[in-house]
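Chain identifiers are assigned alphabetically (A, B, ...) following the order of the sequence lines, protein sequences preceding nucleic acid strands; residue numbering begins at 1 within each chain.
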Amino acid sequence: MSFWFNTDLPTEELAQQLLGCLLIKETEEGVTSGWIVETEAYLGEMDQAAHSFGLRKTPRLEAMYQSAGTIYIYQMHTHTMLNIVAKEAGDPQGILIRALEPHSGVELMEQRRNMSGLGVTSGPGKLTKAMGITREDYGTSISEPPLYLSSDQRRIPKNIIASPRIGIPNKGKWTDEPLRFTVGGNPYVSRKKGTVDLDLGWQ
DNA sequence: TCATTGATGTTCT
DNA sequence: GAACATCAATGAC
């Protein structure tokens with residue numbers, strides 16, 4: 001099976017390659033999918049902002065120590081976050097999926113979010129609710145249903161914008177490190193600033 | 001067992 | 001732009 005990730009690449013490069021991949025979630029209610037337009041890299045052992053900083057290992061972090069492509073789910077403030085493990089087993093680096101451009105199942109996503117428009121998937125907690133992603137998906141593989149990536153329908157970003165990560169103050173240089181990657185000009189990016197391109201930033 | 005703390009989102013000003 | 005809702009994981013005891 002051909003797949004997107006290559007554990008020889010640095011996590012921050014994998015995070016950029018994820019932009020434009022189609023994420024698909026199958027549920028009993030229906031299938032939803034969307035293109036990834038925003039990611040953040042978490043560099044594990046050396047990254048003070050990562051849960052796995054210093055190779056800390058707790059039951060919650062179990063999936064981070066699995067092999068690349070394992071799904072790590074984290075919940076806070078009643079919100080669920082979706083991460084994908086980026087390196088081989090024992091090297092707890094991961095990529096946070098922060099925003100999607102909806103593709104199919106849009107009505108179902110709007111129904112789950114009880115709203116329509118750009119706000120449906122423009123944030124890490126929002127997209128998981130829109131797609132019905134829960135801790136049930138914890139530890140499963142990103143290459144197998146019900147939650148998986150498609151490389152068939154992938155889009156290529158025209159520009160990739162790097163910027164500091166969101167919501168991690170007081171972490172020294174890691175607060176300012178440009179490990180957040182977005183599709184330039186795409187309106188579904190969270191905390192968007194700047195203009196929106198007519199082609200939404202895709203090639 | 002209990003207190004603290006967020007990789008956030010919504011709402012109000 | 002700032003407050004707060006709201007809860008599970010974590011770590012101290």
Query - ILVMFWY clustering at 4.5 Å (side-chain atoms), partners of L43(A) - result: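 Via sub-4.5 Å side-chain contacts, L43(A) links to M46(A), W174(A), L179(A).
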Query - Test salt bridge (Lys or Arg N to Asp or Glu O under 4.0 Å) applied to K57(A) - qualifying residues, sequence neighbours left out - result: none
Requested in this report: May I ask you to list the residues of residues 38-51 of chain A, by number, that have any heavy atom positioned under 4.0 Å from an atom of DNA chain B?
Outcome: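 When residues 38-51 of chain A is checked for heavy atoms under 4.0 Å from DNA chain B, the hits, listed by number, are Y42(A), A49(A), H51(A).
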Query raised in the report: Using a heavy-atom distance cut-off of less than 4.0 Å, which residues of residues 120-134 of chain A contact DNA chain B?
Result: G123(A), P124(A), G125(A), K126(A)
[X]-[Y] side chain donor-acceptor pair, cut-off 3.5 Å:
{"X": "W35(A)", "Y": "Q153(A)", "value": "no"}
{"X": "S190(A)", "Y": "E38(A)", "value": "yes"}
{"X": "Y42(A)", "Y": "E40(A)", "value": "yes"}
{"X": "E110(A)", "Y": "S116(A)", "value": "no"}
{"X": "T27(A)", "Y": "R112(A)", "value": "yes"}

Can you sort out the partners of [X] under side chain to side chain contact (heavy atoms under 4.5 Å, CB included), two or more places apart, ordered by chain and number?
{"X": "A130(A)", "value": "M109(A), R113(A), V120(A), T121(A)"}
{"X": "S141(A)", "value": "S143(A), E144(A)"}
{"X": "P146(A)", "value": "K25(A), E26(A), D137(A)"}
{"X": "N114(A)", "value": "none"}

**Report entry** Set of residues satisfying ring-ring contact (aromatic ring centres under 6.0 Å, His included) with respect to Y74(A), sequence neighbours excluded
**Finding:** H51(A)
Give each protein N/O atom lying under 3.5 Å from an N/O atom of nucleotides 8-11 of chain C, with the pair distance.
| unit_1 | atom_1 | unit_2 | atom_2 | d |
| --- | --- | --- | --- | --- |
| dA9(C) | O3' | R60(A) | NE | 3.4 |
| dT10(C) | OP1 | T58(A) | OG1 | 2.4 |
| dT10(C) | OP1 | R60(A) | NE | 3.2 |
| dG11(C) | OP1 | R56(A) | NH1 | 2.2 |

Query - Outermost nucleotides of DNA chain B that come under 4.0 Å of a non-hydrogen atom of chain A - result: dG6(B) to dT10(B)
Query raised in the report: Under a 3.5 Å cut-off on both pairing distances, which runs of 3 or more consecutive Watson-Crick or G-U pairs involve DNA chain C?
Result: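 The stems that DNA chain C takes part in, listed by first number, are B:1-6 with C:7-12, B:8-12 with C:1-5.
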Query raised in the report: Contact class for I168(A) vs. all strands (heavy atom < 4.0 Å): base, sugar-phosphate, or nothing?
Result: sugar-phosphate
Query raised in the report: When all nucleic acid strands are considered with a 4.0 Å heavy-atom cut-off, which category describes R98(A): base, sugar-phosphate, or nothing?
Result: sugar-phosphate
Query raised in the report: Could R165(A) and D47(A) be called an ion pair, given the rule that one side-chain N must be under 4.0 Å from one carboxylate O?
Result: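 Between D47(A) and R165(A) there is a salt bridge, with a charged N closer than 4.0 Å to a carboxylate O.
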Query - Electrostatic pair E177(A)-K171(A), nearest N-O below 4.0 angstrom - result: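 Salt bridge between E177(A) and K171(A), a charged N being under 4.0 Å from a carboxylate O: no.
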Query raised in the report: Got a sec: does the CD of E107(A) have more than 12 other heavy atoms crowding it under 6.0 Å?
Result: no
